[in-house]
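Structure first, then comments.
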Amino acid sequence: MTGNYHNKTVSLIGLGYIGLPTAAAFAMRKVKVIGVDVNQHAVETINQGKIHIVEPELDMVVHAAVTEGYLRATTSPEPADAFFIAVPTPFKGNHKPDLSYIETAAKSIAPVLKKGDVVILESTSPVGTTEQMAEWLATVRPDLSFPQHAGEQSDIRVAHCPERVLPGQVMRELVENDRVIGGMTPKCSEAAVGLYRVFVQGECIQTNARTAEMCKLTENAFRDVNIAFANELSLICDKLDINVWELIKLANRHPRVNILQPGCGVGGHCIAVDPWFIVDSVPDESRLIHTAREVNESKPEWVLSRIDRAIEQFLDRSPEAMNSGVRIALLGLAFKPNIDDLRESPAMHIALRLNERNRPLMIVEPNIESLPSALAQHHLVPLEIALSSADVVVILVAHREFECLPDLLRPNQQVIDAVGILKN
Ligand code: SAJ
């Protein structure tokens with residue numbers, strides 16, 4: 001697929017947090033897009049010009065793309081000139097990557113492939129997955145040649161180009177971020193670069209597929225290790241009676257030091273997952289990455305131990321609460337500030353653990369309208385209500401709505417600040 005993309009069709013397989021914005025980005029450039037998803041509800045919603053996920057600006061763009069006829073969604077793949085696979089790559093037990101979504105997606109597009117098509121894997125993947133995907137395609141289509149057997153002469157071009165956008169800023173980052181594009185051969189890379197140039201204003205840098213796969217895992221492992229450093233510091237400072245937030249601010253005055261922020265754990269479906277893909281493939285060599293994961297995974301339990309201690313301290317001071325119950329307010333449930341996404345959220349983990357212990361909770365999460373069913377017996381309340389009656393206040397997420405907290409807290413409340421809103 002070369003030259004004028006306005007006469008061509010691209011197909012996005014997987015219309016989630018990455019696939020749908022990418023589909024919309026092509027459609028905004030007046031390229032015909034077929035979006036494919038196994039979720040019938042998602043397909044119907046998109047065909048009505050609406051969206052099934054939360055991401056700023058995406059609704060407007062999808063609405064325009066569908067109304068103008070550039071974007072259409074369906075549940076089964078149709079012929080196109082380029083296919084982008086953007087399906088989940090979670091892990092199974094033992095932190096083993098689950099590539100079954102990629103396998104299913106590859107095998108579903110194989111029957112409609114034709115000579116000259118490009119297939120790009122966007123899902124974050126362990127090293128070697130792009131080659132594996134090309135093998136799955138080749139098994140279904142022995143009549144076509146693929147780069148692992150035919151090299152530069154292959155009928156189908158195959159590449160990996162990992163997505164790198166930050167949830168909440170996807171529409172901007174999709175256009176502005178540089179892209180690392182790893183073809184199985186240089187011609188595969190060139191074909192993929194031509195496609196991304198349709199909407200990417202950042203640089204499109206060519207490499208091979210294995211390096212592109214490792215590059216994405218490296219970026220997220222780098223962030224995980226750096227957050228683990230901050231989280232470990234928070235434990236050390238607690239023992240040494242030092243304010244970790246002040247310490248980090250001071251250390252960051254050094255021109256070559258830039259420590260990240262401790263929190264209640266590392267959430268989301270990327271940073272808490274991707275480093276395991278490295279550890280799984282080279283366990284003996286990835287000791288630091290492995291330990292960082294363990295440090296970050298243990299942080300919610302540490303916060304829980306602090307909540308238990310605060311409850312004990314409150315009861316020591318107010319033994320009459322033994323009968324009436326300690327009133328706990330949890331501030332924030334999302335996996336990071338200013339979003340509504342509760343997936344793999346350490347704050348959610350903490351809430352569920354308190355729920356197991358039958359602790360009644362007042363939960364403040366300004367970004368959602370109702371509590372998830374697992375927490376349905378608790379109360380979703382406005383910040384002021386929670387603070388007016390809570391005995392123990394636990395700050396789990398630094399949402400902008402919580403900036404006014406220092407003025408609202410009452411002196412007799414036990415406060416655990418996992419994210420440094422109070423700072424001192
Ligand atoms: N966090 C901290 N302290 C910090 C920064 C973050 O505790 O100083 C926590 C957050 O609260 C959250 C988690 O880490 O629970 C992850 O948040 P994030 O904002 O670091 O990253 P994600 O998961 O939203 O997006 C990441 C991004 N990767 C990098 O910044 C290297 C994004 O660019 C990727 O596209 C995305 O993963 C992905 O899809 O892989």
Side-chain angles (χ1 to χ4, degrees), residues 14 16-22 53-56 86-91 97 122-126 160-174 176-180 202 212-235 244-245 248-249 251-252 258-278 289 292-293 295-300 302-303 331-350 367 395-400 402 417-421:
Y17 281 86
I18 301 302
L20 185 56
T22 307
I53 52 178
V54 179
E55 179 59 41
V87 295
T89 38
F91 54 61
E122 281 220 4
S123 311
T124 304
S125 301
H160 178 60
C161 178
E163 60 83 11
R164 303 156 102 191
V165 288
L166 197 70
Q169 302 184 27
V170 170
M171 293 318 286
R172 183 172 62 75
E173 292 209 353
L174 208 50
E176 291 179 4
N177 288 2
D178 294 341
R179 295 302 292 241
V180 174
E213 287 161 345
M214 188 60 187
C215 185
K216 170 61 192 258
L217 303 182
T218 301
E219 292 160 13
N220 280 354
F222 171 86
R223 195 151 167 87
D224 199 44
V225 169
N226 280 275
I227 299 170
F229 183 75
N231 276 334
E232 186 163 292
L233 272 182
S234 72
L235 270 57
V244 69
W245 316 103
I248 290 175
K249 204 163 72 187
N252 283 349
N258 185 13
I259 304 168
L260 294 179
Q261 298 297 298
C264 67
V266 169
H269 33 281
C270 307
I271 295 192
V273 174
D274 302 352
W276 288 120
F277 292 176
I278 302 177
I289 295 170
R293 251 324 41 244
V295 169
N296 286 335
E297 280 192 346
S298 64
K299 191 69 194 285
W302 186 84
V303 174
L331 310 192
L333 267 193
F335 89 83
K336 67 177 192 172
N338 309 321
I339 59 165
D340 69 333
D341 196 340
L342 308 185
R343 291 177 301 169
E344 321 291 337
S345 165
M348 185 73 195
H349 173 87
I350 290 167
N367 300 292
I395 313 167
L396 294 174
V397 188
H399 288 315
R400 62 175 78 88
F402 301 158
D417 180 7
V419 287
I421 285 209

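Every number for a ligand or one of its atoms is a count from 1 in the order of the listing. Computed from a prediction, not measured in an experiment: that's the story for all the values here. As a basis for the values below, the full set of heavy atoms in this structure was taken, side chains included, without hydrogen atoms, waters or symmetry mates.
- Under a 4.0 Å heavy-atom criterion, H269 is not in contact with ligand 1.
- Of the candidates D274, I271, I339, I18, I271 brings a heavy atom nearest to atom 26 (C) of ligand 1.
- Within a 6.0 Å sphere centred on CZ of F229, heavy atoms belonging to other residues, nucleotides or ligands number 12 at most.
- Heavy-atom separations between G268 and ligand 1 are all 4.0 Å or longer.
- Counting heavy atoms under 4.0 Å from ligand 1, residue Q261 touches it through both backbone and side chain.
- With a 4.5 Å cut-off on side-chain heavy atoms, H349 and C264 do not count as touching.
- Considering only residues two or more places apart in sequence or on other chains, Y17 meets the ring-ring contact (aromatic ring centres under 6.0 Å, His included) condition with none of them.
- Once rounded to the nearest 0.5 Å, the distance linking OG1 of T124 with CD1 of I18 reads 7.5 Å.
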message: Does K216 form a side-chain contact (heavy atoms from CB on, under 4.5 Å) with D274? I'd like the steps, not just the answer.
response: CA-CA 8 Å; K216 170 61 192 258; D274 302 352; 3.9 Å; yes

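- In terms of polar-atom proximity, K216 is counted as a contact of ligand 1, with an N or O under 3.5 Å from an N or O of the ligand.
- In terms of protein heavy-atom proximity, atom 39 (O) of ligand 1 is closest to E163 OE2, 2.6 Å.
- For the atom pair CD (E344) and NE2 (H269), the distance works out to 8.5 Å, reported to the nearest 0.5 Å.
- With values rounded to the nearest 0.5 angstrom, L217 atom CG is found 8.0 Å from S125 atom OG.
- Closest protein heavy atom to atom 27 (C) of ligand 1: L166 CD1, 3.7 Å.
- Looking at atom 37 (O) of ligand 1, its nearest protein heavy atom turns out to be C270 CB, 3.4 Å.
- A donor-acceptor contact shorter than 3.5 Å links the side chain of H399 to the backbone of N338.
- The protein atom (non-hydrogen) at minimum distance from atom 9 (C) of ligand 1 is I227 CD1, 4.0 Å.
- For atom 5 (C) of ligand 1, the nearest non-hydrogen atom of the protein is R223 NH2, 3.3 Å.
- Among all protein heavy atoms, the one lying closest to atom 32 (C) of ligand 1 is V165 O, 3.6 Å.
- With values rounded to the nearest 0.5 angstrom, L235 atom CG is found 7.5 Å from N231 atom CG.
- At the top of the distance list for atom 17 (O) of ligand 1, counting protein heavy atoms only, stands K336 CD, 3.8 Å.
- Test D341, I271, L166, V397 against K336 for side-chain contact (heavy atoms from CB on, under 4.5 Å) and you get one pass: L166.
- What sits closest to atom 15 (O) of ligand 1 on the protein, heavy atoms only, is F335 O, 2.6 Å.
- The shortest distance between side-chain heavy atoms of D178 and R164 falls below 4.5 Å.
- Here atom 29 (C) of ligand 1 lies nearest to N220 when heavy atoms of L260, T218, V266, N220 are compared.
- Listed by number with element, the atoms of ligand 1 under 4.0 angstrom from any heavy atom of P167 are 24 (O), 25 (O).
- Of the options C264, G265, G267, the smallest heavy-atom separation from atom 13 (C) of ligand 1 is shown by G267.
- Under a 4.0 Å criterion applied to the non-hydrogen atoms of E219, ligand 1 contributes the atoms 31 (C).
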